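In what follows, every heavy atom counts, from backbone to side chain, and hydrogens, waters and symmetry copies are set aside. Values in this document were obtained by computation on a predicted structure and should not be read as measured data.
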Amino acid sequence: MDHANDGAAPLPPSADELHQAFEDQRALLSRPSLPEVVEIRVGRALDSCRELLDLSADLPAREVAARSLAWLAESVGAFQRLPERFAVAHTAPGQLSPLLTLVDGLDLLGLTLDRAYDAIARADEPALARQLDVLTQRLATRSKATELVDEAIAPVDLDVNLNRDDDRGEAAGEDLQVGGDGIPRLPVPEQPNPYGARSST
């Protein structure tokens, strides 16, 4: 049974609201423009959330599903905003590409949902608390599931990467240049004359 909210944090949406939100987001989060390795994992996470809500509509299950929905919408949405080749191939020293970073996060989410399902099925509260810790700490988001229930993100909101002219315009506002391969680049500063200033004679 749900307990009254003491004002510490908003309660997650109802199971029915979450079911509808997952359906509203499925077309966006499983769209063909995503790399297959992402699309497969997103589909698995959405199915796992539905199964979790089918197992239980109580507060713990709804909190797991709501936090998962918020992370999916925020993380996949951020990935879709990147220029395609930048998202797949760009790496910084000591870091993975955006694609591999997202895949790692989706794998962690999938494992967390499987363990949360098992914990709820066994009524193992400590095990469930550990999975909620993963969602709140390692898969934290700025978004809230209630925002997605109230107003689902439309596909048009995340179509920035489909228009390369838009990418170049945004990059120009950040003092970046986007090459023909879609990868943003920092401008190269003017280099000094290696031979020093020459006096005119």
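Counted within 6.0 Å of CD on E23, heavy atoms from surrounding residues, nucleotides or ligands total more than 12; the atom is thus considered enclosed.
Annotation: side chain of T101 is not in contact with side chain of F79 (no heavy-atom distance under 4.5 Å). Within the 4.5 Å cutoff, the side chain of L55 has heavy atoms near those of the Y117 side chain. Side-chain contact check for L109 versus L113: some heavy-atom pair is nearer than 4.5 Å. At a threshold of 4.5 Å between non-hydrogen side-chain atoms, the residues V64 and Q131 do not count as touching. Residues L99 and V37 meet the side-chain proximity criterion, which asks for heavy atoms closer than 4.5 Å. Side-chain contact check for L139 versus R67: every heavy-atom pair is 4.5 Å or farther apart. Between D58 and I120, the closest side-chain pair of non-hydrogen atoms is not below 4.5 Å.
With Q80 contributing its side chain and L34 its backbone, the two residues share no donor-acceptor pair below 3.5 Å. T136 contributes a side-chain N or O that, together with a main-chain N or O of D133, makes up a donor-acceptor pair within less than 3.5 Å.
In terms of heavy atoms, L128 sits closest to A119 at N-CB, 3.6 Å.
To the nearest 0.5 angstrom, L106 atom CG is 12.0 Å from E39 atom CD. To the nearest 0.5 Å, the span separating CG on L108 from CG on D104 amounts to 8.5 Å. Atoms OG1 and CG, from T112 and D107 in turn, are 10.5 Å apart once rounded to the nearest 0.5 Å. Atom CG of residue D16 and atom CZ of residue R62 lie 10.0 Å apart, to the nearest 0.5 angstrom.
For L111, the side-chain contact (heavy atoms from CB on, under 4.5 Å) criterion is met by R115, not counting sequence neighbours. Every residue meeting the side chain to side chain donor-acceptor pair (under 3.5 Å) condition with S14, not counting sequence neighbours, appears here in chain and number order: E17.
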Please tabulate, for the side chains in residues 46-54, all donor-acceptor contacts under 3.5 angstrom to protein atoms that are two or more places apart in sequence or on a different chain.
unit_1	atom_1	unit_2	atom_2	d
D47	OD1	R26	NH2	3.0
D47	OD1	R50	NH1	3.3
S48	OG	R44	O	3.0
D54	OD1	H19	NE2	3.3

